[in-house]
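For reference, the structure discussed in these notes is given below.
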Amino acid sequence: MSQMMHIDNIPSTPGKFKMEKSPYHRQRLYSSLAKLTFWSFVFIGLIFMFFFRSSSSSSSQVPSDLSRRSLRTSSYGGPVWEKRVKASAKIRSRNGFSVLVTGAAGFVGTHVSVALKRRGDGVLGLDNFNDYYDPSLKRARQALLERTGVYIVEGDINDVALLKKLFDIVGFTHVMHLAAQAGVRYAMENPSSYVHSNIAGLVTMLEVCKSVNPQPAIVWASSSSVYGLNTKVPFSERDRTDQPASLYAATKKAGEEIAHTYNHIYGLSLTGLRFFTVYGPWGRPDMAYFFFTRDILKGKSIPIFEAPNHGTVARDFTYIDDIVKGCLAALDTAEKSTGSGGKKSGPAQLRVYNLGNTSPVPVSDLVSILERLLKVKAKRLVMKLPRNGDVQFTHANISLAQRELGYKPTTDLQTGLKKFVRWYLSYYGNGKKSAQ
Ligand SMILES: O=C(O)[C@H]1O[C@H](OP(=O)(O)OP(=O)(O)OC[C@H]2O[C@@H](n3ccc(=O)[nH]c3=O)[C@H](O)[C@@H]2O)[C@H](O)[C@@H](O)[C@H]1O
């Protein structure tokens, strides 16, 4: 071996190495060839297994690293299932839309689906029912939607085969893309879930939308968090959004850039809505107003964040009914996509709007309103704003949405929380059953 590796034996041109033909060398050659063949088979086998596994998993499974957020794999198909899909998506009003609502069992998704269905649009829901927060609340929203005539297909937005199948069955005119991994603070616990849903999921959805014919118009949920460390108030769509304070914000900002790309290359009509801390009945238990209510009723102390030097932390809390009006107006004013067969035939609409309330309220005032409505004194635990993604305040300038969508929020925090508390008490009972 050492002889063979001698510097003189190294060929000047690869592949032109001349072997000596002694019996000893021939035997070594045969045994080397046998070994080479064996390991080649093993290698090819491994490659084959890898591709087989990855191609089957890309269509219907999800990565296993999404710890703490279990996802079910979808089961779908068959004539009964297709009939349900078609019935749910059937348009029942003149000039109505056929809308695929992703994240339909979520807070905003449920409200938007109900509103669309009630005015005669066809609505099909899609949701993976993950357990980021209590899935029984999602199931209860699903039951509500079923009573309204909206069917939710159980599946993930990364499931290309499922998305294609849905577009095969229904020629959706619009997609209301609300499926996402929400929550600012959870991004430090489970970062991959944000990449999975807000980046990979969005791209999968846009890939499918750009290839179908006709392409739908897409309205999707961005976030007020894209303003990040921006200090210029109120936040305008023209302000800088390149300083996100959380991975959540970064994935939403990335979504806006991804939207630009798909609009530019494929002619997809895309509208991003920057929601400002949406609250209301059927809300998300991971949000402060929701778990503050639960913990005040339980007599547990609630952490109230405060900025350095006793600075106020405030949010432009926006009531769900106002958000729903903004979503519907975005769908109503969305122009058609211009592409087909993966090519665009002309420029398409690309929009971003703030959907806020224009009146930030300090978190301590939010707690005071809850105390009055619940008739229970909160155990306040004032603490420093943690450095895990929270920003000190948000404040929306909504003049663009007002001008172009006719968006005009009408519910102040006091009125909206009253409706939330009424719902909370009827849903969970006064302390008997409580949110998890
Ligand atoms: O607009 C958005 O795009 C985002 O809105 C929401 O984020 P936030 O505005 O951060 O709402 P939320 O967590 O309810 O905290 C409310 C306030 O309570 C303060 N807060 C919070 C927790 C706590 O223990 N104590 C506290 O004072 C906290 O500092 C904050 O001032 C959505 O969750 C997010 O998914 C996204 O949609």
Side-chain angles (χ1 to χ4, degrees), residues 103 106-109 132-133 178-190 193-194 197-198 220-228 230 234-235 241 244-253 255-256 272-280 283-296 300-308 310-320 322-323 326-327 352-358 360-370 378-396 398 409 413 416-417 420 435:
F107 170 37
V108 180
Y132 164 60
Y133 61 79
L178 299 169
Q181 176 57 56
V184 173
R185 291 168 290 278
Y186 182 64
M188 286 185 73
E189 259 179 76
N190 190 357
S193 66
Y194 290 79
S197 297
N198 305 357
W220 69 283
S222 183
S223 157
S224 72
S225 64
V226 299
Y227 291 107
N230 175 42
F235 300 161
T241 51
S246 64
L247 181 68
Y248 168 70
T251 60
K252 286 295 180 181
K253 173 63 187 167
E256 293 187 357
L273 302 175
R274 294 177 178 165
F275 295 153
F276 281 69
T277 317
V278 190
Y279 73 99
R284 276 171 34 208
D286 63 313
M287 288 184 68
Y289 75 93
F290 198 115
F291 67 77
F292 283 177
T293 300
R294 177 194 65 203
D295 292 346
I296 291 172
K300 273 176 70 176
S301 57
I302 52 168
I304 300 173
F305 299 153
E306 163 181 283
H310 304 294
T312 305
V313 172
R315 284 292 178 275
D316 197 0
F317 295 99
T318 311
Y319 190 62
I320 183 66
D322 290 323
I323 289 291
C327 290
V352 169
Y353 295 107
N354 284 343
L355 292 188
N357 194 50
T358 68
V361 177
V363 178
S364 54
D365 290 9
L366 162 87
V367 177
S368 303
I369 298 173
L370 287 176
K379 289 187 185 138
R380 297 172 186 237
L381 195 68
V382 177
M383 54 171 68
K384 268 206 319 223
L385 186 69
R387 284 209 202 142
N388 55 5
D390 267 297
V391 293
Q392 193 177 337
F393 58 85
T394 61
H395 183 182
I398 56 158
L413 187 60
L417 280 180
F420 165 72

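Order of listing sets the numbers, starting from 1, for every ligand and every atom in it. Every heavy atom of this structure was used, including side-chain atoms; hydrogens, water molecules and symmetry mates were not.
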Notebook entry, point to check: Does a donor on one side chain and an acceptor on the other come within less than 3.5 Å for D286 and Y186?
Noted result: no
Rounded distance [0.5 Å steps], [atom1] in [X] versus [atom2] in [Y]:
{"X": "N230", "Y": "T394", "atom1": "CG", "atom2": "OG1", "result": "11.5 Å"}
{"X": "F107", "Y": "I320", "atom1": "CZ", "atom2": "CD1", "result": "4.0 Å"}
{"X": "N388", "Y": "E189", "atom1": "CG", "atom2": "CD", "result": "10.0 Å"}
{"X": "L417", "Y": "F292", "atom1": "CG", "atom2": "CZ", "result": "11.5 Å"}

Next item on the list: Show the protein residues that qualify under the rule heavy atom under 4.0 Å from an atom of ligand 1, listing them in chain and number order.
Entry: A182, G183, V184, R185, S223, S224, S225, Y248, F275, F276, T277, R284, M287, A288, F291, F292, P303, I304, F305, V313, R315, V363, L385, D390
Checklist line | side-chain contact (heavy atoms from CB on, under 4.5 Å) between N190 and Q181, worked out | finding: CA-CA 10 Å; N190 190 357; Q181 176 57 56; 5.8 Å; no
